[in-house]
Amino acid sequence: MSKKVASDDIFKGNNVEKINSELFTLTYGSLVAQLCRDFNNNYHEVNNQLDKMGYNIGLRLIEEFLAKTGVRRCSTFKETADIISKLGFKLFLNIQPAVENWSLDLRSCTLVIPDPNPLTEFVDLPVTADPKIAKELWYSQVLCGVLRGALQMVQLDCDVYFLKDRLRGDDRTEMRLKLNKILKDEVPAGED
């Protein structure tokens with residue numbers, strides 16, 4: 001006999017995050033497919049739209065991240081990348097990317113997304129129907145936008161982009177984070 005779970009039990013602890021994460025990953029494929037239809041398979045534009053959506057998510061997600069983790073301002077970009085890897089991805093997608101390939105000036109690095117990538121776990125790109133997909137579509141592009149938006153909210157102007165993706169036939173999935181500049185803390189106009 002199965003145990004009936006009260007609705008209050010579902011929304012306690014990590015269950016809510018697990019449900020939110022699973023719901024997001026299950027609906028994400030539909031979102032990407034709809035964008036492909038809306039933009040007539042112009043995959044560069046689909047990538048741009050996914051990036052914009054992710055950016056807007058990141059602007060808001062950073063507040064939840066900071067509230068749940070209590071993390072204080074990082075002193076270096078390297079420390080920031082480690083926190084993103086160990087806490088950020090773990091909290092929201094239940095994965096922990098590896099941080100690799102640091103530049104000599106410690107202003108850029110690679111995040112290697114472990115398998116399975118929750119966004120692509122149940123996805124196969126129809127490359128036989130449209131070979132441009134494997135060359136132009138970055139299916140998980142929303143993650144780049146999320147990171148850019150969240151990093152901007154903590155005064156870090158960064159470029160975030162994919163280098164490799166298993167869905168495209170690569171050996172692994174890699175994102176590049178590049179710090180452009182540290183933004184000054186500014187008080188919005190009219191708020192002294």
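The figures here come from the full heavy-atom set of this structure, side chains too, leaving out hydrogens, waters and symmetry mates.
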With a 4.5 Å cut-off on side-chain heavy atoms, are [Y] and [X] touching?
X      : Y      : value
Leu66  : Met153 : no
Asn41  : Asp130 : yes
Tyr55  : Gln152 : yes
Arg73  : Val154 : no
Leu177 : Ile84  : yes
Leu111 : Val99  : yes

Rounded to the nearest 0.5 Å, how far does [atom2] of [Y] lie from [atom1] of [X]?
X      : Y      : atom1 : atom2 : value
Ile182 : Leu151 : CD1   : CG    : 11.5 Å
Leu31  : Leu50  : CG    : CG    : 6.0 Å
Tyr28  : Glu121 : OH    : CD    : 15.0 Å
Glu136 : Asn42  : CD    : CG    : 7.5 Å

Considering non-hydrogen atoms only, spot the tightest contact between [X] and [Y] and give its length.
X      : Y      : result
Val123 : Leu119 : CG2-O, 3.7 Å
Cys74  : Thr80  : CB-OG1, 3.3 Å
Glu45  : Phe39  : CG-CD2, 3.3 Å
Phe77  : Cys158 : CE1-SG, 3.8 Å
Pro116 : Ile95  : O-CG2, 4.2 Å

With [X], which residues qualify under side chain to side chain donor-acceptor pair (under 3.5 Å), at least two apart?
X      : result
Asp115 : Arg166
Asp171 : Lys164
Ser75  : Glu79
Lys78  : none

Salt bridge (Lys or Arg N to Asp or Glu O under 4.0 Å): which pairs involve residues 141-159, sequence neighbours left out?
Asp51-Arg148
List in chain and number order the residues that pass side chain to side chain contact (heavy atoms under 4.5 Å, CB included) with [X], two or more places apart in sequence or in another chain; answer none if no residue qualifies.
X      : answer
Asp105 : Ser103, Arg107
Phe65  : Ile62, Thr69, Val71, Ile83, Leu87, Leu91, Phe92
Gln34  : Arg37, Asp38
Arg72  : none

With sequence neighbours left out, what residues match Arg172 under salt bridge (charged side-chain N to carboxylate O under 4.0 Å, His left out)?
Glu100, Glu174
Are any of the side-chain nitrogens in Arg60 or Glu64 under 4.0 Å away from the carboxylate oxygens of its partner?
no
Applying a strict under-4.5 Å side-chain criterion to I, L, V, M, F, W and Y, I'd like to know whether [X] and [Y] cluster together.
X      : Y      : answer
Val112 : Phe89  : no
Leu163 : Trp102 : no
Leu143 : Ile57  : yes

Just by distance, do the side chain of Tyr139 and the backbone of Arg168 share a donor-acceptor pair under 3.5 Å?
no
Could you list all the ring pair (Phe, Tyr, Trp, His ring centres under 6.0 Å) pairs where at least one residue sits in residues 147-170, not counting sequence neighbours?
Trp138-Phe162
Hey, which of Ile113, Asn117, Thr173 is the one that makes side chain to side chain contact (heavy atoms under 4.5 Å, CB included) with Pro97?
Ile113
side-chain hydrogen bond (donor to acceptor under 3.5 Å, both in side chains) partners of residues 84-93, not counting sequence neighbours, each pair once
Lys90-Asn94
